[in-house]
Amino acid sequence: MIITSWNVNSVRARVENIKEYLQKFSPDVVMMQEIKTQDETFPYDDFSRLDYESHVFGQKSYNGVAIISKHKLENIRLDLIKDKLKQSRIISAELKYKKKSIQLINIYTPNGNPVDTEKYTYKKEWLDSLIKQLKSLSKKNENIILAGDFNILPSAEDAYNIKGFEDDALYRLEIRKKYREMINLGFHDAYRHIHGEKEGYTYWDYMRGAWQKNNGLRIDHFLVSNSLLNKVKNVIINKDPRGKEKPSDHTPIEIELA
DNA sequence: ATGGCAGGTTGAACCTGA
């Protein structure tokens with residue numbers, strides 16, 4: 001079972017790139033962020049022709065999340081967060097897997113820059129609302145996979161130049177503390193669990209040749225319930241799509257469940 | 001210190017992203 005998280009930076013601009021990825025790597029489930037379109041204009045047919053069902057929480061122009069899956073998903077929820085700006089940033093679904101019911105939660109956390117503005121406050125409040133919800137959900141279900149674009153650099157080795165991020169919304173201490181708070185609810189950072197300190201960038205800026213120079217950031221994550229951890233066989237950052245024509249600035253991160 | 005790339009909306013210029 002392969003579950004992917006991928007900030008696609010517009011599902012419509014990226015549809016050929018995404019289809020190529022689906023055909024080449026056949027993930028079972030893909031949690032997408034920044035689809036940048038409304039439900040009505042989501043490319044359902046492109047994915048259904050490849051045997052994926054789509055569940056979409058769209059928004060015009062900005063944000064938007066979706067889960068596409070080769071397996072039937074149940075209990076789709078769009079209401080887990082109290083979002084004061086009513087942006088489409090979270091979608092959840094239940095996946096039946098080996099007699100377990102795994103709750104998949106797909107998030108697109110606000111970026112939060114610049115830090116002296118309302119955008120930063122919004123990020124903090126959004127994360128607080130997520131933490132509150134996780135607290136309650138993890139009491140009811142011990143099998144949760146929380147994935148997506150967290151817009152958080154968990155630690156110094158997660159950026160090519162951490163000095164440049166010390167007062168950035170991706171790395172401010174109070175933001176890292178919120179990430180830590182989530183983990184302390186009973187989760188593991190799946191990438192670090194498998195790979196230790198190894199570099200694991202998932203994002204490279206379009207500008208200044210960041211991809212060619214490997215000036216990357218690790219801001220896309222899988223947090224897996226402790227009780228599911230023994231099922232995590234591997235975590236792969238799949239750099240293939242980032243090197244193609246017209247790529248997203250993020251590349252897929254994949255988790256393999258045994 | 002600034003802008004650089006990319007996408008979306010809208011109709012050339014502006015917003016957002018990380």
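In what follows, chains are A, B, ... by sequence order, proteins preceding strands, each numbered from 1.
Salt-bridge check for A:Glu181 with A:Lys178: failed, with every basic side-chain N at 4.0 Å or more from each acidic carboxylate O. Classification of A:Glu118 and A:Lys84 as a salt-bridged pair holds, one side-chain N sitting under 4.0 Å from a carboxylate O. Checked for salt-bridge contact, A:Arg89 and A:Asp149 miss the test: no charged N lies under 4.0 Å from a carboxylate O. Of the charged side-chain nitrogens involved, at least one lies within less than 4.0 Å of a carboxylate oxygen, so that A:Asp189 and A:Arg218 count as a salt-bridged pair. Remark: A:Arg176 does not engage A:Glu174 in a salt bridge, criterion side-chain N to carboxylate O under 4.0 Å.
At whole-Å resolution of the value, CZ in A:Arg89 and C1' in B:dG17 are 10 Å apart. Protein atom OH of A:Tyr122 is 16 Å distant from nucleotide atom C1' of B:dA18, rounded to whole Å. Rounded to an integer number of Å, the gap from A:Asn113 CG to B:dC15 P is 18 Å. In this entry the distance linking CD of A:Glu34 with C1' of B:dG7 reads 9 Å, nearest Å. Nucleotide B:dA18 holds its P atom 18 Å from the OH atom of A:Tyr201, rounded to whole Å. Protein atom CG of A:Leu85 is 11 Å distant from nucleotide atom P of B:dT16, rounded to whole Å. The interatomic distance linking A:Phe165 (CZ) with B:dA18 (P) rounds to 11 Å, in whole Å. At whole-Å resolution of the value, CE in A:Met207 and C1' in B:dG17 are 8 Å apart.
Comparing A:Val11 and A:Asn111, the nucleotide of DNA chain B nearest to each residue sits closer to the 5' end for A:Val11. Residue order along DNA chain B, read from the 5' end via each residue's closest nucleotide, puts A:Ile35 first among A:Ile35 and A:Asn7.
OP1 and OP2 of B:dG8 both lie 4.0 Å or more from every side-chain N or O belonging to A:Asn9. Not one side-chain nitrogen or oxygen of A:His250 sits closer than 4.0 Å to the OP1 or OP2 atom of B:dG17. Side-chain nitrogen and oxygen atoms of A:Arg12 include none within less than 4.0 Å of the OP1 or OP2 phosphate oxygen of B:dA6. In terms of phosphate contacts, A:Asn151 brings a side-chain nitrogen or oxygen within less than 4.0 Å of OP1 or OP2 of B:dA18. Listed pair A:Arg14 / B:dG7 meets the phosphate criterion, a side-chain N or O lying under 4.0 Å from OP1 or OP2. At the phosphate of B:dT9, neither OP1 nor OP2 sits under 4.0 Å from any side-chain N or O atom of A:Lys36.
Using a 4.0 Å heavy-atom distance criterion, A:Tyr171 is classed as making no nucleic acid contact. In this structure, A:Tyr203 reaches the sugar-phosphate backbone alone: every heavy-atom distance under 4.0 Å involves primed, P, OP1 or OP2 atoms, never a base. Within 4.0 Å of A:Lys119, counting heavy atoms only, lie sugar-phosphate atoms of the nucleic acid but no base atom.
The hydrophobic cluster of A:Tyr206 has no other members, since no ILVMFWY side-chain heavy atom comes under 4.5 Å of it.
The side chain of A:Lys60 approaches B:dT9 more closely than any other nucleotide in the set B:dG8, B:dT9, B:dC5. When distances run from any side-chain atom of A:Tyr108 to the nucleotides B:dC15, B:dA6, B:dA18, the shortest one goes to B:dA18.
Across the C1' atoms, B:dG3 and B:dA18 are found 15 Å apart, a figure rounded to whole Å. When the P atom is used for both B:dC15 and B:dG11, the distance is 14 Å, rounded to whole Å.
For residues 212-221 of chain A, proximity to DNA chain B is found at A:Leu217, A:Ile219, defined as any non-hydrogen atom under 4.0 angstrom from a strand atom.
In this structure, A:Arg242 is not positioned above the aromatic face of A:Tyr201 in the sense of NZ or CZ being under 6.0 Å from the six-membered ring centre and within 45° of the axis.
Listed by chain and number, the residues in a salt bridge (charged side-chain N to carboxylate O under 4.0 Å, His left out) with A:Glu53 amount to none (sequence neighbours excluded).
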